[in-house]
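Reviewing the structure listed below.
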Amino acid sequence: MLVLPQALTYDQSRLALRTLLQALRDQNEPEVLVDASSLARFDSSALAVLLACRRESLKLGKGFAIRGLSPRLTDLATLYGVQDLLAALPELQPPAL
């Protein structure tokens, strides 16, 4: 699983992208799962990083999913028209009793 940092703005984007892409390439899993739940401070660079990770995953023949996508980041993705490319995993619901 790839984990996004707490802050992902333009200043952190190059290092974050390089680190995430290397981890993605090193994974032997058929699907890349990105945990965005700790991401608190971001700008549109976070979308660019996520889209680059998605692109690389697909290039390697792997699936791609995100969990913990905040409503603010979802709104930003919608504003840029890329929300369908960053489909989030549904939150796990507790089993019905």
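The figures here come from the full heavy-atom set of this structure, side chains too, leaving out hydrogens, waters and symmetry mates.
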Inset, instruction - Check whether any side-chain N or O of Thr9 sits under 3.5 Å from a backbone N or O of Ser45 as a donor-acceptor pair, and report yes or no. - result: no
Legend entry - Hphob cluster co-occupancy, Leu17 + Tyr80, side-chain heavy atoms under 4.5 angstrom: yes
Legend entry - Nearest-0.5 Å distance, CG of residue Leu20 to CG of residue Leu50: 8.0 Å
Inset, instruction - Kindly indicate whether the side chain of Val34, heavy atoms from C-beta on, has any atom under 4.5 Å from the side chain of Phe64. - result: yes
Legend entry - Spacing of CD1 belonging to Ile66 relative to CG belonging to Leu86, to within rounding of 0.5 Å: 4.5 Å
Legend entry - Atom pair CG (Leu73) and CG (Leu79), whose distance is rounded to the nearest 0.5 Å: 11.5 Å
Inset, instruction - Say whether Leu85 and Leu39 are linked into one hydrophobic cluster, either directly or through other cluster members, by side-chain heavy-atom distances under 4.5 angstrom. - result: yes
Inset, instruction - Begin with the C-alpha distance, continue with both residues' side-chain angles, and end with the deciding distance and a verdict on side chain to side chain contact (heavy atoms under 4.5 Å, CB included) for Cys53 and Leu24. - result: CA-CA 8 Å; Cys53 288; Leu24 185 155; 4.2 Å; yes
Inset, instruction - Could you tell me which residues satisfy salt bridge (charged side-chain N to carboxylate O under 4.0 Å, His left out) with Arg25, sequence neighbours excluded, listed by chain and number? - result: Glu56
Legend entry - Straight-line distance of Leu21 CG to Arg55 CZ, nearest 0.5 Å: 9.0 Å
Inset, instruction - Would you give the length of the straight line joining atom CD of Gln83 to atom CG of Leu76, rounded to the nearest 0.5 angstrom? - result: 11.0 Å
Inset, instruction - Compare all side-chain heavy atoms of Gln12 with those of Arg41 and state whether any distance is below 4.5 angstrom. - result: yes
Inset, instruction - Specify the closest pair of heavy atoms between Ser38 and Val3, including all atoms of both residues, with the distance to one decimal. - result: OG-CG1, 4.3 Å
Inset, instruction - Rounded to the nearest 0.5 Å, what's the gap from CD on Gln27 to NZ on Lys62? Could you check? - result: 5.5 Å
Legend entry - Positive for side chain to side chain contact (heavy atoms under 4.5 Å, CB included) with Leu2, one of Asp35, Thr19, Val32: Val32
